Undergrad: 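Okay, handing you the structure first.
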Protein chains: 2
Amino acid sequence: MNTEEEVNDFVHHGHQEYLTHLSIDSVIFGYHEQQLKILLLKWKGYDGWGLPGGFIKKREPLSDAAYRILKERTNLSNLFLQQFYVFGDSPYRVKERSPHEFRDKFNLQVEDDNWLFKRTLAIGYFALVDYSKVIVQTDFFTESYRWWEVDAIPPLLFDHNDAVDKALLTLRLQIYHQPIGYNLLPEKFTLPEIHSLYETILSKELDQRNFAKKLVTLGLIQKLDERRSIGAHRSPYLYQFVKEKYEQALQEGIVHTY
Amino acid sequence: MNTEEEVNDFVHHGHQEYLTHLSIDSVIFGYHEQQLKILLLKWKGYDGWGLPGGFIKKREPLSDAAYRILKERTNLSNLFLQQFYVFGDSPYRVKERSPHEFRDKFNLQVEDDNWLFKRTLAIGYFALVDYSKVIVQTDFFTESYRWWEVDAIPPLLFDHNDAVDKALLTLRLQIYHQPIGYNLLPEKFTLPEIHSLYETILSKELDQRNFAKKLVTLGLIQKLDERRSIGAHRSPYLYQFVKEKYEQALQEGIVHTY
DNA sequence: TCAAAAGTGTTGTTGTTACACCCATGA
DNA sequence: TCATGGGTGTAACAACAACACTTTTGA
């Protein structure tokens with residue numbers, strides 16, 4: 001959506017193509033240089049940062065919409081993507097929006113009762129993606145993008161800080177009963193790499209030996225007969241996920257007891 | 001919504017009061033006679049069973065809507081209520097609905113483009129309620145209600161079996177990392193009661209001594225200096241939840257480690 | 001040879017599982 | 001006094017937490 005024609009069509013006829021009152025907001029997590037990062041877009045006019053998102057086509061299954069929106073934005077199709085919450089409580093999600101502001105900021109002609117200004121609930125999805133493979137598309141509404149460290153997210157537009165917080169909380173809870181990493185690490189990775197990933201996500205230290213022991217005992221990862229050369233240091237062994245065990249743990253969860 | 005006037009107003013003017021394309025479906029769990037049950041409504045015309053649900057008012061916060069719908073249906077206001085999923089993938093949630101069927105079944109005049117026949121996504125909420133305090137209201141569309149055992153849910157209308165399955169799965173996963181019972185048991189309860197509740201929800205046996213030990217060790221329940229008289233048997237001690245610990249565990253979760 | 005990072009095992013502690021007999025109650 | 005259900009403890013085993021030194025590498 002970059003040409004003037006496309007934008008006008010979206011603004012004035014979008015209600016014929018998309019469901020109104022509903023949008024999808026995506027919290028896209030990537031991992032890079034031992035930091036957990038989130039992809040944010042800078043909006044034109046508003047001069048602030050927000051989450052990527054989009055609308056659901058009238059006859060499009062909901063999860064297809066979530067995948068499509070991600071694909072359009074990042075050019076990725078194989079990824080972990082999960083619904084985590086519907087946002088419909090904050091004042092921003094209850095009131096109608098202001099067309100005046102929109103006209104000013106984007107310099108577009110638009111009627112007061114345009115579909116974009118109706119009250120809109122947002123379905124939150126979060127994705128775990130391979131940072132290095134992402135190719136971000138901006139569009140008419142967004143002038144640039146940037147990956148932000150999760151510990152340094154600025155105040156965002158709309159209610160998007162709520163969405164980021166909730167996504168992080170969900171991810172941190174979930175990591176205790178589902179394996180994570182398949183989409184955040186290269187196919188072959190070292191113990192220090194996955195160890196650091198988990199420490200980063202949980203934002204706390206994990207004992208190096210115990211951590212490795214646990215993942216191997218659970219059968220989630222296996223050691224390969226290969227090493228990676230990392231310069232003037234001992235070469236770490238490579239590991240890979242054991243696909244069947246990983247999938248099984250995703251399905252059934254890693255559970256504790258009563 | 002019982003008089004003809006109210007029903008007509010709902011059908012023909014509901015789109016002015018409610019958000020279109022969105023509904024709330026509630027899976028209401030109650031516990032009675034050592035069985036976990038779900039409240040289902042029998043629809044007129046369709047001659048089948050479905051979940052209670054409703055729509056979101058245009059300026060109503062989402063969670064207020066979920067509470068209101070439950071209150072209208074069960075007359076309960078203090079309860080555990082939680083979003084668990086948005087349903088928007090099944091064919092029933094993608095296609096538009098048939099007004100012909102509706103006209104036939106309910107004998108109402110209604111236009112083809114009426115709001116009720118638009119594609120509608122459902123936000124699933126589940127509630128845990130005190131079975132004995134529920135006073136169920138039926139309305140024009142529903143002729144009766146019944147509590148059904150979770151192991152014997154019949155084929156339901158629409159995509160409601162999906163919702164029941166997902167709610168149960170969520171409840172069973174959640175019980176491993178959040179305490180449950182505050183809304184399903186009387187304020188004071190016996191060990192056998194809560195033990196049987198957990199066995200029922202998880203649908204598996206739990207060792208009596210170990211179970212009690214765990215809950216007491218976690219500090220979630222405490223023994224009272226009172227007993228309940230249960231006829232020709234030894235009188236069991238009463239227990240109650242330790243509110244602070246319970247709330248804390250709800251917030252922070254009961255977590256295992258890496 | 002040095003600096004930096006990786007690899008590796010043991011022990012004490014805690015939590016989990018498995019298991020069975022006696023007690024209280026009222027009919 | 002009997003039938004029914006409630007209450008209680010221990011021991012073996014498994015999992016977890018805490019902990020530090022040696023090896024590898026190439027600059």
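Proteins get letters first, then strands, A, B, ... in listed order; numbering begins at 1 in each. None of these values were measured; they are calculated from a predicted model.
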Undergrad: Starting from P on C/dA5, measure out to CD on A/Q208 and report it in whole angstrom.
TA: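 Those two atoms, CD and P, are 12 Å apart.
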Undergrad: Report the residue (A/R234 or A/D207) whose heavy-atom-nearest nucleotide on DNA chain D is the more 5′ of the two.
TA: A/D207
Undergrad: To the nearest Å, how far apart are A/H195 NE2 and C/dG7 C1'?
TA: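 After rounding, the reported distance stands at 13 Å.
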Undergrad: Among residues at least two apart in sequence or on other chains, which ones pass side chain to side chain donor-acceptor pair (under 3.5 Å) with B/N78?
TA: none
Undergrad: Enumerate donor-acceptor pairs with a distance under 3.5 Å from any side-chain N or O in residues 159-167 of chain A to protein atoms, sequence neighbours excluded.
TA:
{"residue": "A/D159", "atom": "OD1", "partner": "A/R93", "partner atom": "NE", "Å": "3.3"}
{"residue": "A/D159", "atom": "OD1", "partner": "A/R93", "partner atom": "NH2", "Å": "2.9"}
{"residue": "A/D159", "atom": "OD2", "partner": "A/R93", "partner atom": "NE", "Å": "2.9"}
{"residue": "A/H160", "atom": "ND1", "partner": "A/L51", "partner atom": "N", "Å": "2.9"}
{"residue": "A/H160", "atom": "NE2", "partner": "A/D25", "partner atom": "OD2", "Å": "3.2"}
{"residue": "A/N161", "atom": "OD1", "partner": "A/L156", "partner atom": "N", "Å": "2.6"}
{"residue": "A/N161", "atom": "ND2", "partner": "A/P154", "partner atom": "O", "Å": "3.2"}

Undergrad: Could you tell me how far apart A/I230 (CD1) and D/dT23 (P) are, to the nearest whole angstrom?
TA: 18 Å
Undergrad: Which residues pass the side chain to side chain donor-acceptor pair (under 3.5 Å) test with A/T138, not counting sequence neighbours?
TA: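 Residues passing side chain to side chain donor-acceptor pair (under 3.5 Å) with A/T138: none at all.
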Undergrad: Starting from C1' on D/dC19, measure out to CG on A/L206 and report it in whole angstrom.
TA: 16 Å
Undergrad: Residues in side chain to side chain contact (heavy atoms under 4.5 Å, CB included) with B/Q174, at least two apart?
TA: B/F80, B/Q82, B/F126, B/T170, B/Q178
Undergrad: What integer distance in Å separates B/R228:CZ from D/dG6:C1'?
TA: 13 Å
Undergrad: Quick one: the side chain of B/R227 and the base of C/dA24, do they pair up donor-acceptor inside 3.5 Å?
TA: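 There is none.
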Undergrad: Using the side chain to side chain donor-acceptor pair (under 3.5 Å) criterion, which residues pair with A/N210? Sequence neighbours excluded.
TA: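 Per chain and number, A/N210 pairs via side chain to side chain donor-acceptor pair (under 3.5 Å) with A/D207, A/K213.
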Undergrad: Show me the protein contacts with nucleotides 10-15 of chain D, counting only N or O atoms at under 3.5 Å.
TA:
{"residue": "D/dT10", "atom": "O4", "partner": "B/K213", "partner atom": "NZ", "Å": "2.9"}

Undergrad: Between P on D/dC16 and CG on A/L215, what's the gap in Å once rounded to a whole number?
TA: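 To the nearest whole Å, that distance equals 12 Å.
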Undergrad: Return the set of residues passing ring-ring contact (aromatic ring centres under 6.0 Å, His included) with B/H233 (not counting sequence neighbours), or none when no residue passes.
TA: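 For B/H233 there are no ring-ring contact (aromatic ring centres under 6.0 Å, His included) partners, ignoring immediate neighbours.
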Undergrad: Separation of A/F211 atom CZ from D/dA18 atom P, in whole Å?
TA: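 Value for this atom pair: 16 Å.
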Undergrad: So if I take residues 185-193 of chain A and measure heavy-atom distances to DNA chain D, which residues fall below 4.0 Å?
TA: none
Undergrad: Between A/S235 and D/dT24, does any side-chain N or O lie under 4.0 Å from OP1 or OP2?
TA: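 So the side chain of A/S235 is outside the cut-off, no N or O lying under 4.0 Å from OP1 or OP2 of D/dT24.
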Undergrad: Examine distances only and state if a side-chain atom of A/R172 and a backbone atom of A/I201 form a donor-acceptor pair shorter than 3.5 Å.
TA: yes
Undergrad: Test of understanding: with side chain to side chain donor-acceptor pair (under 3.5 Å), list the residues that count as partners of A/Q35, not counting sequence neighbours.
TA: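 A/E149.
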Undergrad: Backbone N or O of A/Q83 within a donor-acceptor pair of the B/Y85 side chain at under 3.5 Å?
TA: no
Undergrad: Roughly, in whole Å, what's the span from OH in B/Y237 to C1' in C/dT25?
TA: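 Nearest whole value for this atom pair: 14 Å.
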Undergrad: Any donor-acceptor pair under 3.5 Å joining the side chain of A/R209 to the base of C/dG7?
TA: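 There is none.
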Undergrad: Closest-nucleotide mapping onto DNA chain C: is B/A232 or A/H233 further toward the 5' terminus? I mean the 5' end.
TA: A/H233
